Amino acid sequence: MKTTLALRITVVCLAVAGIAVLVAGLVASRLVRNTADSVLQQSLRDQADVVAGQLDDAGIGNRLAIGKAAAVVRGQGIEVVVHRDNGQNSGQATAVRAAERAGLTSGKDHSARVAIGNVDYLVEVRPVGPQAAFALVQPVRSAEATQHALLRNILLALGIGLVVAAVAGYVSGRLLGRPLRRAAAAAGSLSAGRRDVRVPVEGPAEVAQVAGSLNELADALARSEARQREFLLSVSHELRTPLTAVTGFAEAIADGVAEGPDARRAGETIHREAQRLERLVSDLLELARLGADEFKLDLDVFDFAALVRDCAEVWQLRCARSDVSLTVQSPPEAAMVTADARRLHQVVDGLAENALRVTPAGAPMVFALTVADGHAHLSVRDGGPGLAPEDYPVAFERGVLNARYRDSRPVGSGIGLALAHGLVTRMGGTLTAGPAPEGGAAFTIALPLA
C-alpha cells in the first residue's frame, strides 16, 4: 500500500526530532561531564589550598591541626593522605595509592586524575615543609549522578520532542496534502470529460505550480477540443458540398431528367466533385500519417529553381484562365536543396491553389525564389484580400482559416495549409505566413541549401 503524504511527513518529523534530541543529548552529556569534572577539580584545589594554609602555621606534625582538616574534608567525601618527614604515608589504602600515583612525594603543587580499578580519583598534592606533604583524594562519583540525571532529562525531552514532531508533521502533511488532493480530484474530472474544472492556486510554490499547470492543461484541452470540433465541422461542410452535387446529378441521370448534353454536363460535374472528394480524403489521410513513424520521405538533392519553373508552367495556364497574371522571380543560378521533390511540388501546388482561389481577376500572383543566408526561400504571394494580422500566427492550424473565412470568401478544406506545414517541417525547412506587397498574403518556404 502507498502511504499518504501526511504519514510520510510525520515519520520524517519524528526521525528528525529524535536524531536532533539524541545528538544534542550526547553532546550535552559530554559537556556536562567535562564541566562537572572541572568544577569538582577546582573545588578540590581550593580546599587543598585552604588546608595547606592552615598547616603552614601549625606544621604537618601537629596531629590536632591535620585531624581537624581531615575531619572537615572527609565530611565531603574527600580522603586525606599525609606524607611525613620520616617517609611514612598515612591514610585510607586506596587513597594512598591514588596519591602516590599522582606524585605525593614530588615536592610541588600538583593536580591529577588517577584511575584505581574502575574508579577515577581527583588528587590535589600540596608540599608542607622540605620533606612532608599531603594530598586530598576524591572519587569522581558526582559525574555519574549528573549523567544519570541528564539521561533522564534527555529521555523526557525526546518524548516531548517526538510528540510535538508527530503533531506538527500530521498537521503539515494535511495542509500540504489538501491542495494536492484537490489537484488529483480535478485531474480525475478532466479524464472523465469535464473541462470547466479549475484548482485554487495555493500552498507552497511547488504545490501551487502543480495547480497552475493543471489549470493550464484544462485550458489547453478545452482549446484543442474546440479546434477539433471546428475542424470536423469544416471537413463535414467540405464533404457535404460535393456529396450533394454528386447525389443530385446522379439522381438526375438515373431518373432520366438529364439527357443528352445535360447528362454529359452532369457526368462532368460528378467527375469533378468526385476528384474533389478524392483530394480531400487524400489530404486527410496524408495529414493523419504525417506524424507517424512509418511516414517516409524520398530525400534527394535537386534544383529548387527548376522545380519552381516547372510548377510555374502549369500555373501560368490556370492563372490565365482566371485572368490573373503570374510573375516568376528566380535567380539565374541553381538553388540546390535536399528534400522530397514530389512532396515539395505538392506543397507549392497547394499554396498556389490557395492563392489563386482568393485572387480576383486582374490582380497579380507571384512566385519569388531567393537565396540568402544559406537557405532557398520561395514566397507564393497573391493580390487577394489577405488575412487579418492575428490570423497569420494560426494559419497552419487545422480548420482555423476555413472556420473564419468560409462565409466571406472561397476557402479550401481547412487542412491543406496544415499538411503543407507538416511536410515542409519534416523535410527540415520552415513555412511561414505574412502579408504580401501585392496586398494579399505571402506563404514562404525556407529550405537549407545542400
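All figures in this text were calculated on a predicted structure; none of them were measured in a lab. Just so you know, residue 1 is the first one in the sequence shown, and it goes up from there.
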Note, Leu417 side chain near Asn354 side chain (heavy atom, < 4.5 Å): yes

Heavy-atom donor-acceptor pair, Asp109 side chain to Arg126 backbone, under 3.5 Å: no

Val347 and Ile445, any side-chain heavy atoms less than 4.5 Å apart: yes

Where at least one partner belongs to residues 383-395, residue pairs that pass salt bridge (charged side-chain N to carboxylate O under 4.0 Å, His left out), sequence neighbours excluded: Asp391-Arg404

Nearest heavy atoms of Phe302 and Ala339, plus distance in Å: CE2-O, 3.4 Å

Thr425 side, atom OG1; Phe396 side, atom CZ - distance, nearest 0.5 Å: 9.0 Å

Leu447 side, atom CG; Thr430 side, atom OG1 - distance, nearest 0.5 Å: 7.5 Å

Listed once per pair and sorted, the salt bridge (charged side-chain N to carboxylate O under 4.0 Å, His left out) pairs that draw on residues 374-386, sequence neighbours left out: Arg381-Glu438

Within-4.5 Å side-chain heavy-atom neighbours: Asp300 and Asp340: no

Ala395 versus Ala433, closest heavy-atom pair with distance: CB-CB, 4.2 Å

Steps toward side-chain contact (heavy atoms from CB on, under 4.5 Å) verdict (Phe443, Tyr392): CA-CA 10 Å; Phe443 292 87; Tyr392 289 112; 5.8 Å; no

Gln209 CD: over 12 foreign heavy atoms closer than 6.0 Å: no

N-O pairing of Asp298 and Arg342 below 4.0 Å: no

Donor-acceptor contact below 3.5 Å, side chain Asp303 vs main chain Ala335: yes

CZ-CG distance between Arg198 and Leu214, expressed to the nearest 0.5 angstrom: 9.0 Å

CA sep, side-chain torsions, deciding dist, call: Leu136, Phe134, side-chain contact (heavy atoms from CB on, under 4.5 Å): CA-CA 7 Å; Leu136 300 185; Phe134 75 93; 4.0 Å; yes

For the student: nearest non-hydrogen atoms of Ala115 and Asp120, plus distance: CB-OD1, 3.4 Å

Note, Leu344 side chain near Met427 side chain (heavy atom, < 4.5 Å): yes

Test side-chain contact (heavy atoms from CB on, under 4.5 Å) applied to Leu449 and Val337, step by step: CA-CA 5 Å; Leu449 295 175; Val337 297; 4.3 Å; yes

Residue list, side-chain hydrogen bond (donor to acceptor under 3.5 Å, both in side chains) with Gln41, at least two apart or on another chain: Glu124

Return all side-chain donor-acceptor pairs below 3.5 angstrom for residues 369-380, not counting sequence neighbours, or 'none' if the list is empty.
from: His375; atom 1: ND1; to: Asp373; atom 2: O; distance (Å): 3.0
from: Ser379; atom 1: OG; to: Thr444; atom 2: OG1; distance (Å): 2.8

Working for side-chain contact (heavy atoms from CB on, under 4.5 Å), residues Val137 and Ile78: CA-CA 6 Å; Val137 181; Ile78 302 172; 5.8 Å; no

Shortest non-hydrogen contact from Leu190 toward Ala218: CD2-CB, 3.8 Å

Point-to-point distance, once rounded to the nearest 0.5 Å, from CZ of Arg309 to OG of Ser330: 5.5 Å

Qualifying residues under side-chain contact (heavy atoms from CB on, under 4.5 Å), relative to Thr94, sequence neighbours excluded: Gln92, Ile116, Tyr121

Exercise: identify the closest heavy-atom pair between Arg182 and Pro200: NH1-CG, 3.8 Å

For the student: nearest non-hydrogen atoms of Ala98 and Val123, plus distance: O-CG2, 4.0 Å

side-chain hydrogen bond (donor to acceptor under 3.5 Å, both in side chains) against Glu353, all qualifying residues, sequence neighbours excluded: none

